Amino acid sequence: MSKLTRWFPFLAWPRPDARLLRGETIAALTVAVVMIPQSVAYAGLAGMPLVTGLYATFLPALVAVLFSASTRLSVGPSALSSVLVSASLLGMAQPGSATWVMLAVWLALMAGGIQLLVGLTRSAWVLNLVSSPVLAGFSQAAALLIIASQLPTLFGLQGPLSTLLEGPRFDFQAMAYGLVSLALFIGARRVAPRFPIMLVALAVGGLVALLTGYSRSGAVVGPLPQGLPAFYWPGWPGWEQFSTLIAPALVLTLVSSLEMAASAKIENQREGRRWDASQDLVGQGAGKLASAFSGAFATSTSFSRSALTLYAGAKTGWATVIASGFVLLVLLLLTPALSHVPQAILAAVVVAAVSSLFKPRTLLALWQVDRVEAMTAGATFLITILTAPRIYWGVLTGVLLGLSHFLYLRLHPRIIEVGLHPDGSLRDRHLWKLAPLAPQLYALRMDAELDFASATAMEREIVEHLAAHPDVRHVCLFAQPINRVDATGVEMFAQLRKLLSERGVTLHIVGIKLPVERVLARAGALDEGPLLKTYRTDTEALLAFGRLGP
């Protein structure tokens with residue numbers, strides 16, 4: 001059974017009883033009243049027909065939870081994934097058109113296929129390609145761009161923001177709907193966070209628009225298809241457009257996976273269990289494929305809705321199943337009512353939801369931790385803003401900067417000359433102004449693997465020290481931090497032994513790890529000789545150097 005539940009995690013769910021279903025239904029309803037209006041609003045953010053937001057919430061959430069190890073992730077449209085969809089397709093088709101929908105479906109198929117492949121091959125380590133500073137810089141910039149994109153609709157501005165300088169025209173009724181709704185959302189978040197203010201605002205706003213006649217002449221949602229989504233199979237876009245979608249699909253995969261990781265880690269830590277990232281990637285990929293075949297766009301995990309799911313007391317995946325049932329009821333019965341909702345209210349939904357992503361203090365906090373990573377986040381932020389609407393270039397730039405910094409650190413490992421600190425530990429001799437361990441001895445430690453990236457740096461450090469100090473007769477390598485050696489490291493080590501032997505310098509090795517020792521021994525680089533001495537512990541070496549008493 002364990003092998004079967006590995007592929008079908010939902011088989012391990014507890015059998016529902018009346019008590020469990022009662023609690024799960026309350027949690028599902030709490031999430032659904034937030035999820036439904038957000039999904040419709042995020043469809044507009046993605047440039048998709050608004051009903052596809054509900055399509056992206058129904059089957060994708062159900063499929064994702066069935067195949068995920070983490071059962072309380074709220075899968076559906078999210079702000080970052082939606083804006084990435086829009087940014088990826090601008091210039092390729094008209095938003096909301098059949099071609100736009102087809103390309104959005106291909107984007108979901110590509111991103112979902114990648115996640116599914118990564119999950120099935122147990123290759124979740126690729127998530128490490130996007131560091132926390134890169135995601136922070138991107139999310140801050142994306143939040144600003146999303147809010148800016150919603151301001152014209154929120155304020156009833158007829159035309160883009162640029163018309164503010166050219167005699168702007170305002171729809172003051174739309175402005176009233178938008179600003180009042182936004183004020184209610186912000187107020188309710190502080191005073192009554194569990195109150196379904198977004199759903200209430202949509203219902204009341206739609207009713208007022210219907211009664212006042214605004215829904216006949218103003219900017220409203222308009223007619224929406226009623227019923228379940230039909231199976232959608234996209235036409236072939238051509239190699240040129242398909243190749244254009246590759247880079248956005250990769251970025252969408254990474255960002256979506258990290259959104260999922262942020263929520264899944266919290267759930268699993270709360271339950272005290274190990275996080276199965278690969279299985280959750282399978283669920284995410286399957287959810288995107290379900291969304292694509294529903295004629296919708298790429299889904300992701302909403303951090304805020306997932307947190308609400310936990311806060312509402314959901315215990316199992318049954319809560320998501322029940323929440324999908326509520327979405328089904330909306331699709332079957334309530335889409336006509338949504339047609340009267342002013343678009344300004346949807347803009348307020350987006351602005352209220354996305355405003356929580358904008359946290360400028362995040363970048364300031366990074367500066368206190370690591371200035372290089374803070375600059376990486378800042379560069380990601382700046383490139384995301386400057387390349388808008390092609391904002392995925394911000395993530396790609398951040399990833400390249402992060403990998404470049406990582407490679408620089410690997411090529412420049414920390415190598416220190418050690419001395420004996422008064423507290424008995426071995427520390428950086430120059431930083432702590434310590435005496436040498438012994439006369440005519442150069443004692444060093446490299447905090448890295450001995451491989452192709454670090455071998456040259458270590459060799460250079462020793463050779464340069466010997467050139468500057470010709471009286472040195474002993475070189476001691478404290479090898480505890482070295483946990484791996486490759487062919488380049490073995491070659492360098494053998495050359496170093498030969499160099500020291502020619503100069504009559506004794507090489508002392510302290511605390512070498514068994515895997516490293518075995519590789520060097522098999523290569524003949526640890527053959528015994530009068531100029532090679534090994535020690536298992538620091539104490540043993542220090543006693544040999546005469547720094548400690550017997």
Side-chain angles (χ1 to χ4, degrees), residues 41-50 52-53 56 77-108 110-111 130 134-155 157-166 237 240-256 258-259 296-300 343 346-347 349-351 353-355 357-358 377-400:
Y42 287 159
L45 184 61
M48 295 287 288
L50 297 183
T52 61
S78 75
L80 290 183
S81 63
S82 297
V83 75
L84 276 171
V85 170
S86 177
S88 304
L89 304 183
L90 279 177
M92 300 177 68
Q94 182 68 26
S97 65
T99 303
W100 182 280
V101 172
M102 178 191 70
L103 293 174
V105 167
W106 272 108
L107 194 60
M110 295 167 70
V130 180
V134 172
L135 186 62
F138 173 73
S139 61
Q140 303 305 303
L144 284 180
L145 292 171
I146 292 171
I147 292 172
S149 72
Q150 298 301 303
L151 291 181
T153 305
L154 182 69
F155 287 100
L157 179 63
Q158 298 178 352
L161 285 174
S162 58
T163 59
L164 289 173
L165 304 176
E166 306 167 357
E240 182 178 353
Q241 287 189 317
F242 183 82
S243 61
T244 304
L245 294 177
I246 293 176
L250 290 172
V251 172
L252 181 59
T253 301
L254 288 172
V255 172
S256 170
L258 289 173
E259 284 188 299
F297 52 101
T299 57
S300 186
Q343 292 184 4
L346 295 183
V349 170
V350 174
V351 171
V354 172
S355 61
L357 293 176
F358 185 62
T380 303
F381 176 90
L382 188 61
I383 297 298
T384 302
I385 295 291
L386 294 178
T387 58
R390 306 296 187 192
I391 60 174
Y392 50 83
W393 289 114
V395 175
L396 293 175
T397 300
V399 169
L400 289 176

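Just so it is clear, the model here is predicted, and its values are computed rather than measured.
- Interatomic distance, Leu254 CG to Phe138 CZ, rounded to the nearest 0.5 Å: 11.0 Å.
- Proximity of Val255 to Val130: side-chain heavy atoms (C-beta onward) are nowhere separated by under 4.5 Å.
- Looking at every heavy atom in both residues, Pro77 comes nearest to Gly53 through CG-O, 3.8 Å.
- One distance of note links CG of Leu144 with OG of Ser355; it measures 11.0 Å at 0.5 Å rounding.
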Step by step, would you call Thr397 with Thr380 a side chain to side chain contact (heavy atoms under 4.5 Å, CB included)?
CA-CA 6 Å; Thr397 300; Thr380 303; 5.8 Å; no
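- In this structure, Gln150 and Leu45 approach most closely via the heavy-atom pair NE2-CD1, 3.6 Å.
- Between atom OG1 of residue Thr387 and atom CG of residue Leu382 there is a gap of 9.0 Å, rounded to the nearest 0.5 Å.
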I would like to know whether Leu145 and Ile385 meet side chain to side chain contact (heavy atoms under 4.5 Å, CB included); could you show each step before the answer?
CA-CA 7 Å; Leu145 292 171; Ile385 295 291; 3.9 Å; yes
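- Among all heavy-atom pairs drawn from Arg390 and Ala87, the shortest one is NH1-O, 3.0 Å.
- Across all their heavy atoms, Thr153 and Gln343 have their closest contact at CG2-O, 3.6 Å.
- The closest side-chain heavy-atom distance from Tyr42 to Met48 is not below 4.5 Å.
- Between Trp393 and Ile383, the shortest heavy-atom contact is O-CG2, 3.8 Å.
- Residues Ala79 and Val354 come closest through the heavy atom pair CB-CG2, 3.6 Å.
- Between atom CG of residue Leu80 and atom CG of residue Leu135 there is a gap of 7.0 Å, rounded to the nearest 0.5 Å.
- To the nearest 0.5 Å, the span separating OG on Ser88 from OH on Tyr392 amounts to 6.0 Å.
- When side chains are defined from C-beta on, Val350 does not count as touching Leu346, because their heavy atoms never get closer than 4.5 Å.
- Summarising the geometry, atom CH2 belonging to Trp100 is positioned 4.5 Å from atom OG belonging to Ser86; distances are rounded to the nearest 0.5 Å.
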Stepwise side-chain hydrogen bond (donor to acceptor under 3.5 Å, both in side chains) test for Ser81 and Glu259:
CA-CA 9 Å; Ser81 63; Glu259 284 188 299; 4.8 Å; no
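- Checked by atom type and distance alone, the side chain of Gln140 pairs as donor or acceptor with a backbone atom of Leu357 at under 3.5 Å.
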Could you go through Met92 and Leu245, starting from their C-alpha distance and side-chain angles, then the distance that decides it, and tell me whether this counts as side chain to side chain contact (heavy atoms under 4.5 Å, CB included)?
CA-CA 10 Å; Met92 300 177 68; Leu245 294 177; 4.1 Å; yes
Show your reasoning for whether side chain to side chain contact (heavy atoms under 4.5 Å, CB included) applies to Leu107 and Leu252.
CA-CA 9 Å; Leu107 194 60; Leu252 181 59; 4.0 Å; yes
